[in-house]
Structures are given as structure tokens and as C-alpha cells.
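Just below is one structure, and these are the notes that go with it.
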Number of protein chains: 2
Amino acid sequence: MSDRSRPTLATVAALAEVAPSTASLVFSGSTRVAPATRERVLAAAAELGYAGPDPVARSLRSRRSGVVGAVIGERLASAFNDPVAVQLLDGVTEVLSPLGVGLLLLPGDADRSGPTLAQLAHVPLDAVVYATCGLEDDPALDHLRRRGVPVVAVDGPRVDDVVFVGIQDRRGTVELARHLAGLGHHRVAVVAMPLRLDGTRGPVSPERRARTHYREVRERVLGVEEVLGAVPVWETAANAVEEGERAGRVLLDVPLADRPTAVVAQSDVLAAGVLRAAAGLGLRVPEDVSVAGFDGAELPWLPPVRLTTVAQPTAEKGRVAGRAVIDLVAGRRPDDVVLDVRLSVGTTTGPAPR
Amino acid sequence: MSDRSRPTLATVAALAEVAPSTASLVFSGSTRVAPATRERVLAAAAELGYAGPDPVARSLRSRRSGVVGAVIGERLASAFNDPVAVQLLDGVTEVLSPLGVGLLLLPGDADRSGPTLAQLAHVPLDAVVYATCGLEDDPALDHLRRRGVPVVAVDGPRVDDVVFVGIQDRRGTVELARHLAGLGHHRVAVVAMPLRLDGTRGPVSPERRARTHYREVRERVLGVEEVLGAVPVWETAANAVEEGERAGRVLLDVPLADRPTAVVAQSDVLAAGVLRAAAGLGLRVPEDVSVAGFDGAELPWLPPVRLTTVAQPTAEKGRVAGRAVIDLVAGRRPDDVVLDVRLSVGTTTGPAPR
DNA sequence: TCACCCTATCGAATCGATTCGACTCCGCCC
DNA sequence: GGGCGGAGTCGAATCGATTCGATAGGGTGA
């Protein structure tokens, strides 16, 4: 590691015998500089091994850091086990990367569902995307507001000065429930994603349900009930296959008379777990029990079935969020966006057994 | 959005009737400031809605941005479908997050396996971790060197001024191969992760093999051959279940005499695909064919088998890399680290059929 | 030949903090 | 009472670029 300090724009300018401002013009790609001068500056830069203007100094002046935060509620390993979260972020980067804007991960830790203020406060941010687990009362929101960092919330929260990008959660589950009702299902159970991030799992009481933290979780239950009336809801502790399997075992390993004829999982990952549970209990799908999911995720490891699900345009949702970020950084205020979903009937739902 | 410019440290200092330098002292948590003064400054800050010192300005002076880049070769969706990559990054953040340091994702795109220079050049970086797909001839390495950004390479590349953190790839596959040899396997095939990121799949020619881009891929083949002699290697186009299944079908759907008695996959994800292929072909594991993987990853959706595999401490590898980053940023030069691996015999390997 | 305009370059202010040496009190000790 | 030391505060330089108004010089048209 050379101890001599690295060359700066001023060093380069001096060697090229031009003013620093001129050298700056060269690197900013301005056309208003004579080719000969440009050459001289670039040659000087090459000679000194100058790697281009310091991003930090540039940011200070231009009020842009090229960094966009991505809030992923839980810790990394949990969040990225969810293929939907991954696809969403992939969509975001697809839009942002070509502009030289990077995504900074802001995970929570075991306790908190969002990033700590210490994390937020020290890092330069042009904008923030709430990619998962957006809470309306997140103290981070207030901090970002004060710093003037614009926020895009995917699937929630819906707050005044935050741009919302989401899907028709309600309509999706309404259609799914109609599909099930049409097949004669009356005893339907819902396997829900976490209502809050406190590690709770089990049947959901009305009190707990009233304190649901996440918009889409609430909406997806309401959609089912809009068609089928009140249904039992089983909460999982995480959006993961194991949790779905666990829930499935509890719901399905009961006397026939009590067993739901259909299980609606709030995500495909949970549905995959329910399918495993059914298989483990020797139940045939859909003859003995129908299973449906949500997302339309690609799960290449799924057994050779086509899951009945509500397909959402996850990657597109990410791209929309990415574009919203671009607009906000440019000073425009984009409209909220709600994307369409589509019922995708597969082989895991069938007529209710009698 | 209020149009008035946001308060700065100077504004706060003025309101509190102290010098900006004193106000700075307050926010840096210095003890050398009188409690009464501190109160006055904090009160002024609260009144103005000042969210704390601007991270960018702070970075300029302190030469720290609090941002560490994570190079993930492919695009996000591909990289994060790999549970090992996820666990690795989780380990990195576990160490970095508490220090208020954030991870910035640097994905490649369809064509390039690393981040583009445009991405790198515009973003502030204290250090970079090559999390996957480290190439020795990556032009980004040169750029980072010139900028004075220290680099930690996980699993590779091994380059002079880059800190290496890896595992005993070779010894792991040697032990695995010995295990198989002990069970009487002689006809063994390897399903390899991509040798280069060019979408190639199929049998590997000696020429192509010589041009293997990734250290660990090369080493893991050599380990097998060290014990079993030359083996056929089948390259996949990506480290994904579908690719493993595809490879498995080709390798196993042949006359019995040509069929390998054991398949060594270079990752558990690929092994899972091979298992699916075997199941699809009606082959019993391990009676008809043995299957082994690498990583010791948690695949909760795996059929109820325990995969024979080489377990590596992935999360610990991430933590070690994280600590190396901390050292480098502090100006220390940590040693390279090579972590132990352990053969984990499961239920997917058994005596070779005769 | 002169006024004018355009192009290429330059100077200086600015972005918002940090940092270190200097300075001012004030109390204490001799 | 004078000198000394330490606590608390302040000034000014600095980090490395960007940006805009100013300027010099050369070419054009009348």
C-alpha cells in the first residue's frame, strides 16, 4: 500500500497544466472542452493512476450519492430465502444499476424489523425502498423524512409522503376464494404470513388480528373472508417452507370432520410447506385437500405439481419501484401504483371431498 | 416537501449560539463539552428538525463512507437463489451492521460477471467483498486498487493485494471421494458449477477445463480426481436446481453399463437437482445411484433424505470476511484464512451396485 | 479596422462537516 | 498576587470535487 496520498483532481490538473475546473469538465464528459486539452488531462490522469473523481466529494457538491437503501425487515438470510423478495429486488436493481445507482441493504436484526437508526444515520442515501416489512410506525420513517430522503414502500406502509407500489392483494384472494367456493369448499383455513415480527405462531385471535402489522397480510385474509365468511387463520412465524409445513401438519392432522377441505396459504413458499405436510400425512392433493398459494413464484424444487396461486408481477413491481425512485431523486413525485394480479389455477385445487 | 433548505450544523450552531465546531463536538459524542452547552445544541437541533450530521460531508472529511460493496457476479435473482451466497452475506452483515456499515450490492448483468466500472466509479466504498464469482482478471480489481479500496475475496480470486478467505475445497472433495471409493464406486461423474459465466452446459473438454475461471470449481474437481483418477465432468450453466436436474437426467438416463454409480455435485443445490432427476427416472438413491453434494446448506424443501455432503462453515466464512473488512478499513492487513470443512455422510450414498 | 460573438479556459465560491491548535477563563497552589 | 494547568470553546484550514460567472483570444461580418 503506497503511503503517498492518492492523486486528486488538482494533482492531475497541475500535471496537465490546466485549472482544476477544466479537469473537472473533462471527467464530467462535457463537450465544451477542446480535444487537445482533454487528451492532455486524460494522459496526466493515466500517468498518475488517477481513478476518476472521488465519489464522496462529488456527492457533497451534487447532493447525490448514487446509493439507494433497501429495507429488508428481517435479517438477510430470512429475507432472501423468500424468492419473492429476491425477485422484487432484482427488478429494482434492473432499473437502477444502469444508472450507476447501487442498492444498499438495510436489514433488521433479530429484535428489530427495520434498520437501526445508527445504521441509517451514518450512510449516504438518495432514497429508500421498503422492500419487505414496511411498518407505518417505523421510527426510521421519521428520520428519513427529516433528512429529506424520499421513500418508496412496496406493499406498504401507506403513509402520506411515501410513494406506494403494490398489488391487488384483496382482489387476488377474492378470486381465489371464488374459485374454491365454486369447487364446493366451505371449510377453508388460511395459513398466514407473520402478522407481526415477534415469532408468534398459531391460531390467530381477534385481538391479535386487529394488531396486524402488515397491510398485505390483512388484505389477503379479508379477501378470502369477503367470499367465504369468517375463516380460521393460522399464523406462521416466518415466510418459510418449514413454517408452512408445521402449520399444515397442525391443520390437517385432525379427524376428517374437522379437517379443512382447502388450505389457502398467503405465499407459495408456505403453500409448498403445506403440500409437504399433506404428503407426510398421506393425504392426496387435491383429492383429500386442496392447497393454494399466492405470488406465482418460481419454485424449481417444488414437487411436480402446478400450484394454484394468485400470480403477481413481482419483478415488474420491483421495476416500478425502481422507476419511482428515479422520479423522486429527480424531484418528481410519482403516483402510487397498484398492479394487477391474476388467478392461476393449477393442479393442487379440485372439488371438495364430501 | 418543504422548499426551504434543510438545517445544517451551522444553522443549529447559530441557534444555539455556539461555534459550528462546538456543535460538531456534541454530535460526535465528545465528552469535552459542557453539559449545559450540549443541551442547548441538542435543543436547537430538535427545534430545527436537524437529523444529525450529513453522512456525505462527514465522509469527505473522515475518509470513511460506511459503505462496503458486495460483488455478486450474476444478477441478483440468480445469486440469491443460492442459499450459500445468502448465508455468506448474512455472515458478513452480522459483523458489519453493528458498526453502522452497510452492504452495497454490486451485481453483474446478463453479460458481465462483475459490476460495471460505471457502477463502481460513482459509488462511495470503504472496501469491497467479492462474495461470489471472483475473477483474477476482473478489470474492476484494477480500478479498486487505484482508488485505494481494499478488497476481500471469498473463495477467490487469489491475487497479491487481496485478502483471501476460503475453505479447503480440495481436501473436502478428497474425503468425499475416499468415502465413495470405500463404498466401491469407480464410475463416478461430477456435476460442476459453471466453469465460466457464459451459459455453457454439457461435458467438459480438456481445453475448456483449462480455462476454468473459478478457483473453487477447479479445486473441487481436482480433489475427486486425486482419489478416483480422471472422471467425466458435466458443466451446468448455473448453480440451480433445474440445472442439476438437467445434468442428472443426461448422466443417468443411459444404459446401466454406462451409468455412473455415483454422482458428485459441486453444490447441494445441484445435488438436489440430481436427486430429482433420479426420482424422475425411477432410480433409487442410494441403491441404484449414490448422490453427494457440497456445502452443507439448509434446504428445507429437500425430500426427506439427508444428503451426503461436504459441510463448510458458510456463515462463519462470511463473518471472517466481515472481520477482514474491518481490519482493512482500520489500516491493518489481516492474514488469509482457510476454514475447515467436514465430510457429512447422509443417506444418499451407499455401496456401489454391482 | 472595429465591434461583436462564441469558444475554451479559468477563479473563486460552495457543498457540510471535522479537526487541531490556539485562546480564554477560572480555580488552585505557592 | 502571580503563575500554572486544565476545561471548554472557538477559528480557520481542510476534505475533493462542481459550477457559474468572468475573461481571454480568435474568427467573422460590416
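Chain letters run A, B, ... following the sequence lines, proteins first, then strands; residues in each count from 1. Because the structure is a prediction, the values reported are computed rather than measured.
Applying the salt bridge (Lys or Arg N to Asp or Glu O under 4.0 Å) test to residues at least two apart or on different chains, the pairs with a partner in residues 57-67 of chain A are Arg63(A)-Asp54(B). Note on residues 313-323 of chain B: pairs passing salt bridge (Lys or Arg N to Asp or Glu O under 4.0 Å), not counting sequence neighbours, are Glu94(B)-Arg319(B), Asp155(B)-Lys317(B), Glu316(B)-Arg319(B), Glu316(B)-Arg323(B). For residues 33-42 of chain B, the set of pairs meeting the salt bridge (Lys or Arg N to Asp or Glu O under 4.0 Å) definition, not counting sequence neighbours, is empty. The stretch residues 7-20 of chain A participates, sequence neighbours left out, in no salt bridge (Lys or Arg N to Asp or Glu O under 4.0 Å) pair at all.
Scanning for side-chain hydrogen bond (donor to acceptor under 3.5 Å, both in side chains) contacts around Thr8(B) gives Thr11(B), with sequence neighbours left out. The side-chain hydrogen bond (donor to acceptor under 3.5 Å, both in side chains) search around Asp327(A) returns Arg332(A), not counting sequence neighbours. Listed by chain and residue number, Asp142(B), Asp161(B) satisfy the side-chain hydrogen bond (donor to acceptor under 3.5 Å, both in side chains) test with Arg145(B) (two or more places apart in sequence, or in another chain).
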Can you give one letter per nucleotide of nucleotides 16-28 of chain C, 5' to 3': B if a protein heavy atom sits under 4.0 Å from the base, S if only from the sugar-phosphate, - if neither? BBBB---------
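Using five terminal pairs a side, the axes of the helix from dT1(C)-dA30(D) to dC30(C)-dG1(D) at its two ends make an angle of 50°, given in steps of 10 degrees.
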